[in-house]
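Here is the structure we will look at, set down as structure tokens.
Just so it is clear, the values below take in all heavy atoms, side chains as well, and ignore hydrogens, waters and symmetry mates. In this text, all values refer to a predicted model and were calculated from it rather than measured experimentally.
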Amino acid sequence: MSGAKNDSNKYLGILNIPVIFLHHKNDGCVGTKYENAVYGHERMSKKNKAYTTLITIESGSAGTSDPCRDGYHMYFGAELEVQKKLREELKKISF
């Protein structure tokens, strides 16, 4: 789940598949707050029988326009951090 909408966490059920939450710590979009990704991850970790993790992205740029379509929300300038952290987590998952 990358930059998931705040209300999507209420639909998280019991799963048995790997789940990766990916979110920028400074996401300025009001509909996708970082705190809600943390909450969703904590909730899913209790229900999911498979690997569940939260990747927090901290690098990048705020952008210049709509915070829901630009900057941190879209991981502008954080591409290398996203790639590195995703690669590390995917190695931990047994498919």
N/O donor-acceptor pair under 3.5 Å between D27 side chain and Y34 backbone: no
Locate the shortest heavy-atom distance separating P18 from I93; write the atom from each residue and the value. CG-CG2, 3.5 Å
Just so I know, are the side chains of H73 and P67 near enough to count as touching, which here means a heavy-atom distance under 4.5 Å? no
Can S59 and Y75 be said to form a side-chain hydrogen bond (donor to acceptor under 3.5 Å, both in side chains), step by step? CA-CA 8 Å; S59 65; Y75 309 108; over 6 Å; no
Looking only at heavy atoms, what is the nearest atom pair of N26 and Y72, with distance? O-CD1, 3.2 Å
Does any part of the side chain of M1, heavy atoms only, come nearer than 4.5 Å to the side chain of L22, both counted from C-beta? no
Could you state the interatomic distance from NE2 (H23) to CD (E35), rounded to the nearest 0.5 Å? 8.0 Å
K46 side, atom NZ; R43 side, atom CZ - distance, nearest 0.5 Å: 10.0 Å
Could you check whether any side-chain heavy atom of S65 comes within less than 4.5 Å of a side-chain heavy atom of R69, counting everything from C-beta outward? no
With no hydrogens and no angle check, is any side-chain donor or acceptor of E81 less than 3.5 Å from a backbone partner on I57? no
Using a cut-off of 6.0 Å, state whether more than 12 heavy atoms not belonging to K25 lie near its atom NZ. no
Before you tell me yes or no, could you show the steps for E89 and K85 under salt bridge (charged side-chain N to carboxylate O under 4.0 Å, His left out), namely the whole-Å CA-CA distance, both residues' side-chain angles and the distance that decides it to 0.1 Å? CA-CA 6 Å; E89 292 304 319; K85 288 185 173 181; over 6 Å; no
Using only atom types and a distance under 3.5 Å, with no angle test, would you say the side chain of N48 pairs donor to acceptor with the backbone of I17? yes
CG-OG1 distance between N36 and T32, expressed to the nearest 0.5 angstrom: 9.0 Å
Could you check if a side-chain atom of I20 sits within less than 4.5 angstrom of a side-chain atom of L54, using non-hydrogen atoms only? no
For M74, what are the other residues in its hydrophobic cluster, where any two members join if their side-chain heavy atoms are less than 4.5 angstrom apart? F76
Would you give the length of the straight line joining atom CZ of F21 to atom CD of E42, rounded to the nearest 0.5 angstrom? 10.0 Å
Mind checking the NE2-SG spacing from H24 to C29? Nearest 0.5 Å is all I need. 13.5 Å
